[in-house]
Amino acid sequence: RAMLEVVGEHGYEATTVAQVVAAARVSRNAFYEFFSDKHDCFLTLTEELGAELLQAVIESGAEANWLDALRRGTDTYLAWWRDHEFYARAYFSGIAELGPRALAQRQHTYGEFAAMFRELGRRARLEQPDLPPLPDLVPRVLVFSITELVADEIRAGRAAALDQLGEEVFLLVVRLLADDATARRVAGP
């Protein structure tokens, strides 16, 4: 929590271990019992928050049909990033520059989200058997495109408006996981 607080206030680059231990009200020795450095602490935070986000989105998928699960999951995803704006700014502005461990962690998280989309595509085909097979590339395309869309909004200082993307993101996912006919059927007025 202290790393998140300090990064939110100062940004990742300007954050120091001294600031983190002061915010956490622990000694430097206590910090170094758990983390090798600031980088290690931030990556641990990133891993935990990524798991939290994925869990929140998956839990929101406990709906009667895949479209309701998707709509609720989309809203949950966008609201999570909006509510974690400080972390989002730090994450989207420099995670790739934190080295191989950060990149491997990001790829792992992307893989988890791609698996979630594959499962949602499978569920869509159970509920709509006339849908064609889901191309293997679609789940990855969804992860990369939605992540970059959110990142672009965060970097532009529009985190508070992320919810406004909900319907467009929802319909994009419906088109790619199912088809245009399904997207037209569920599109809002």
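Residue numbers count from 1 along this sequence. The figures that follow rest on heavy atoms only: side chains count, while hydrogens, waters and symmetry mates do not. Being a predicted model, the structure only gives us computed values, none of them experimental.
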Enquirer: Identify which one of Thr182, Leu131, Val138 satisfies the side chain to side chain contact (heavy atoms under 4.5 Å, CB included) criterion when paired with Leu177.
Expert: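 Going through Thr182, Leu131, Val138 one by one, the side chain to side chain contact (heavy atoms under 4.5 Å, CB included) with Leu177 is satisfied by Val138 alone.
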Enquirer: Between Arg118 and Asp136, does a salt bridge (Lys or Arg N to Asp or Glu O under 4.0 Å) hold up when you go through it step by step?
Expert: CA-CA 8 Å; Arg118 271 191 297 283; Asp136 289 338; over 6 Å; no
Enquirer: For side chain to side chain contact (heavy atoms under 4.5 Å, CB included), just list the numbers for Arg72 and Asp75, CA-CA rounded to whole Å, side-chain angles, deciding distance to a tenth of an Å, and then say yes or no.
Expert: CA-CA 5 Å; Arg72 192 161 170 230; Asp75 292 344; 5.7 Å; no
Enquirer: What closest approach, in Å, do Ile154 and Ala159 show between heavy atoms, and which atom pair accounts for it?
Expert: CD1-CB, 3.5 Å
Enquirer: Can you check whether Phe31 and Phe35 have ring centres sitting under 6.0 Å from each other?
Expert: yes
Enquirer: Could you walk me through whether Leu54 and Tyr77 pass the side chain to side chain contact (heavy atoms under 4.5 Å, CB included) check?
Expert: CA-CA 8 Å; Leu54 180 63; Tyr77 181 82; over 6 Å; no
Enquirer: Does atom CD of Glu127 have more than 12 heavy-atom neighbours, drawn from other residues, nucleotides or ligands, at distances under 6.0 Å?
Expert: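 Atom CD in Glu127 is packed in, count exceeds 12.
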Enquirer: Kindly indicate, with the supporting measurements, whether the criterion side chain to side chain contact (heavy atoms under 4.5 Å, CB included) is fulfilled by Leu120 and Met116.
Expert: CA-CA 6 Å; Leu120 197 55; Met116 179 196 68; 5.8 Å; no
Enquirer: Over all heavy atoms of both residues, which pair between Val186 and Glu167 is shortest? Give the atoms and the distance, please.
Expert: O-OE2, 4.3 Å
Enquirer: Which atoms form the tightest heavy-atom contact between Gly61 and Ala69, and what is the distance?
Expert: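 Minimum heavy-atom contact is O-CB, 3.4 Å.
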Enquirer: Nearest 0.5 angstrom please: Glu168 CD to Thr74 OG1, how far?
Expert: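 Here the rounded value is 12.0 Å.
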Enquirer: Closest heavy-atom contact between Ser60 and Thr76?
Expert: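 The pair with the smallest heavy-atom distance is CB-OG1, 3.4 Å.
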Enquirer: Check Phe117, Tyr110, Phe113 against Phe144 for a ring-ring contact (aromatic ring centres under 6.0 Å, His included) and give me the one that passes.
Expert: Tyr110
Enquirer: At what distance, to the nearest 0.5 angstrom, does CD of Glu48 lie from CG of Leu4?
Expert: 11.0 Å
Enquirer: Under a 4.5 Å cut-off applied to non-hydrogen side-chain atoms, are Arg140 and Leu137 in contact?
Expert: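 Contact flag for Arg140/Leu137 side chains = yes.
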Enquirer: Show the nearest heavy-atom pair for residues Met3 and Phe42, with the distance to one decimal.
Expert: CE-N, 3.9 Å
Enquirer: Looking at Leu134 and Pro139, what are the two nearest heavy atoms and their distance?
Expert: CD2-CG, 4.1 Å
Enquirer: Checking Gln19 side chain against Thr16 main chain: does a donor-acceptor pair fall under 3.5 Å?
Expert: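 Yes; judged by distance alone, with no hydrogens or angles, the pair exists.
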Enquirer: Step by step, work out the side chain to side chain contact (heavy atoms under 4.5 Å, CB included) result for Leu49 and Tyr87.
Expert: CA-CA 9 Å; Leu49 289 177; Tyr87 168 71; 3.7 Å; yes
Enquirer: Within a strict 4.5 Å, meaning less than it, do heavy atoms of the Arg71 and Asp68 side chains meet?
Expert: no
Enquirer: If I take atom CD from residue Gln164 and atom CZ from residue Arg82, how far apart are they, to the nearest 0.5 angstrom?
Expert: 11.0 Å
Enquirer: Grouping I, L, V, M, F, W and Y whenever their side-chain heavy atoms are under 4.5 Å apart, do Leu149 and Leu162 come out in a common cluster?
Expert: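 Looking at the clustering, Leu162 is in the same group as Leu149.
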Enquirer: Surrounding NE2 of His108 (heavy atoms of other residues, nucleotides or ligands, distance under 6.0 Å), is the total greater than 12?
Expert: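 No, NE2 of His108 has 12 or fewer neighbouring heavy atoms, counting only those of other groups under 6.0 Å.
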Enquirer: Tell me, do Tyr32 and Val17 make a side-chain contact under 4.5 Å, heavy atoms counted?
Expert: yes
Enquirer: For the backbone of Gln105 and the side chain of Thr109, can you confirm whether one donor and one acceptor N or O come within less than 3.5 Å of each other?
Expert: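 A pair under 3.5 Å: yes.
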Enquirer: Measuring from Arg89:CZ to His84:NE2, what's the distance to the nearest 0.5 Å?
Expert: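 If we round to the nearest 0.5 Å, Arg89:CZ and His84:NE2 are 13.5 Å apart.
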Enquirer: Any chance you could measure Ile146, atom CD1, to Leu165, atom CG, to the nearest 0.5 Å?
Expert: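 So the CD1 of Ile146 and the CG of Leu165 are separated by 10.5 Å.
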Enquirer: Is the backbone of Phe92 close enough, under 3.5 Å, to the side chain of Arg155 for a donor and an acceptor to pair up by distance?
Expert: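 Checked: pair present.
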Enquirer: Apply the test salt bridge (Lys or Arg N to Asp or Glu O under 4.0 Å) to residues Arg1 and Glu5: give CA-CA distance (whole Å), side-chain angles for both, the deciding distance (0.1 Å), then the verdict.
Expert: CA-CA 6 Å; Arg1 285 191 314 263; Glu5 176 185 315; over 6 Å; no
Enquirer: Do Leu176 and Leu126 belong to the same hydrophobic cluster, where Ile, Leu, Val, Met, Phe, Trp and Tyr are linked whenever their side-chain heavy atoms lie under 4.5 Å apart, directly or via other members?
Expert: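 No, no single cluster joins them.
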Enquirer: Taking only Lys NZ, Arg NE, NH1 and NH2, and the carboxylate oxygens of Asp or Glu, determine whether Arg123 and Glu119 approach each other closer than 4.0 Å.
Expert: no
Enquirer: Closer than 3.5 angstrom, by distance alone: can the side chain of Arg125 be matched with the main-chain N or O of Pro132 as a donor-acceptor pair?
Expert: yes
Enquirer: Rounded at 0.5 Å granularity, tell me how far CG in Asp180 sits from CZ in Arg185.
Expert: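 It comes to 13.0 Å.
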Enquirer: Between Glu52 and Trp80, do the side chains contain an N or O donor and an N or O acceptor separated by less than 3.5 Å?
Expert: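 The answer is yes; a qualifying pair exists.
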Enquirer: Is Leu53 linked to Tyr91 within one hydrophobic cluster, defined over Ile, Leu, Val, Met, Phe, Trp and Tyr using a side-chain heavy-atom separation of less than 4.5 Å?
Expert: yes
Enquirer: If you draw the axis of the six-membered ring of Tyr12, does the NZ or CZ of Lys38 fall within 45° of it and under 6.0 Å from the ring centre?
Expert: yes
